[in-house]
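Lettering follows sequence order; numbering is per chain, from 1. Bear in mind the structure is a predicted one, so any value in this text is a computation, not a measurement.
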Protein chains: 2
Amino acid sequence: MRARIGVFDSGVGGLTVLRRLLERLPNAEYHYLGDTARVPYGIRSADTIVEYSREGLSYLRGLGVDLLVVACNTSSAIAVPSLHDEFSHPLIGVVNDGVEIASDLAQRGALVLGTRATIMADIYQRQIAQRRPALPVRGLACPLFVPIVEEGWADSQVAVDVARRYLDQCSDFSFDLVLLGCTHFPIMQATLERAVGQDVRVVDPSVRVASRVAGCLPSAASGGCPEVHFHVTDSPEGFTRVARAMGMPIHNEVKHVDVAALLS
Amino acid sequence: MRARIGVFDSGVGGLTVLRRLLERLPNAEYHYLGDTARVPYGIRSADTIVEYSREGLSYLRGLGVDLLVVACNTSSAIAVPSLHDEFSHPLIGVVNDGVEIASDLAQRGALVLGTRATIMADIYQRQIAQRRPALPVRGLACPLFVPIVEEGWADSQVAVDVARRYLDQCSDFSFDLVLLGCTHFPIMQATLERAVGQDVRVVDPSVRVASRVAGCLPSAASGGCPEVHFHVTDSPEGFTRVARAMGMPIHNEVKHVDVAALLS
């Protein structure tokens, strides 16, 4: 019997993490839950984020998954530490891997890009500083990247101009690594690479997340063709539309799950 | 005793409506409630929108206001029709006035700009078509305008480029009036006027909302200096920061109201 992997996200952004998992671990059955009715989590209180995450992860557990990936940055940072004791399954968030990559690879300085909520919560900056105190690190909130990605404009001139405008806010900071601290941002990776120039690496934590999962479930990492099931708490049509605009069209059925069903 | 006016919005956008009210009716005491903990309303179900609006309006009623303005487009469209019977106060939404202006002033065609939720709900387009069936009308979702305004970039080249990119989607539609169907968009008015050119009028419904309120409370329309109180359900700092970025700095105290207090 093949491994079953649950991927939990507050919305559609986690599809960039799912994409890396499918590449690295094709021999598995996937269940992706996007809590699109209650997105974004970043603006909610910590208690609410933990509760919503518990509900979402419990729903995936009910589907018989063997391992849970928390793709949402907010949920990874706020909820995963509290929920480890409640789930016997491996529970893998994206933040740890982002912190590790930035700490391992940056030389002059690390610039963390995220939503305003992630950057203001100082999630990545604090953990990178703990792991590598001498490394200069700074956070930069880029809230416009999310709607740009969802409009399907990630490769447009507008996207380049917006990226440059944000990066200008850090012209006094010397960095050689940009960490994508929001699951939407990998869709902007090529644009960001153009904006920062050749001597700066732009890094997506989900590549390391997929490696970590492959370490836990080696049988899923070779051969086979993945089977993917999507579950969303808001309209399947909206989810499918945004996924297509993001360049990740969904060919499978997307099942609607009422939020009330998560509570039971 | 001066009139007390309650202004209800799901967030910070209603400040553009408040601004017009303060200009037109300076002789009044204002209470502005922004339900910033539960914004945006547009993505919620109709039942939830009605319930949140009922809670917010009841809170304002408890402050002794004489008239209620619903600045939020979603709440105006979805909740106001259901709530008229529950509130003995005049209850004035922004949608009616937007529909009236567009129907009265447009000649060739009316283009309604709004968030994706407002445009997909077909709120303005349907009501304009009912009022003036022969007028061509089209909706255009411009979700990027909200974060552009909240970043304080409304007058930037990026804003002009984004506006042009959206308007290009309607190059096959002939219109001489653009209706701003989202309370954030008046901050972009000058930029939009540049983008559409001289022969197209860009209209903000809140000017007519203020006239309607002045019709109800004539004593508030002359003399005096307004007194304004702000109430928000999320952090006052976030509200104040975004208001400043939008070019509407707040010099008064902003009071935090817990969502639980709205429910009681």
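With a 4.5 Å cut-off on side-chain heavy atoms, A:Ile250 and A:Leu15 count as touching.
For the pair A:Thr183 (side chain) and A:Ala71 (backbone), a donor-acceptor distance under 3.5 Å is absent.
Only the side chain of A:Val158 comes within contact range of chain B, judged by heavy atoms closer than 4.5 Å. If you measure heavy-atom distances from A:Asp234 to chain B, the contacts under 4.5 Å come from the side chain alone. Contact annotation for A:Arg241: only side-chain heavy atoms (C-beta onward) come within less than 4.5 Å of a heavy atom of chain B.
Between chain A and the residues B:Ser235, B:Ala37, B:Ser156, the most heavy-atom pairs under 4.5 angstrom are made by B:Ser156.
The heavy-atom pair separating A:Leu167 from A:Ala195 by the smallest distance is CD1-CB, 3.7 Å. The minimum heavy-atom distance between A:Val202 and A:Gln189, with the atom names listed, is O-NE2, 2.9 Å.
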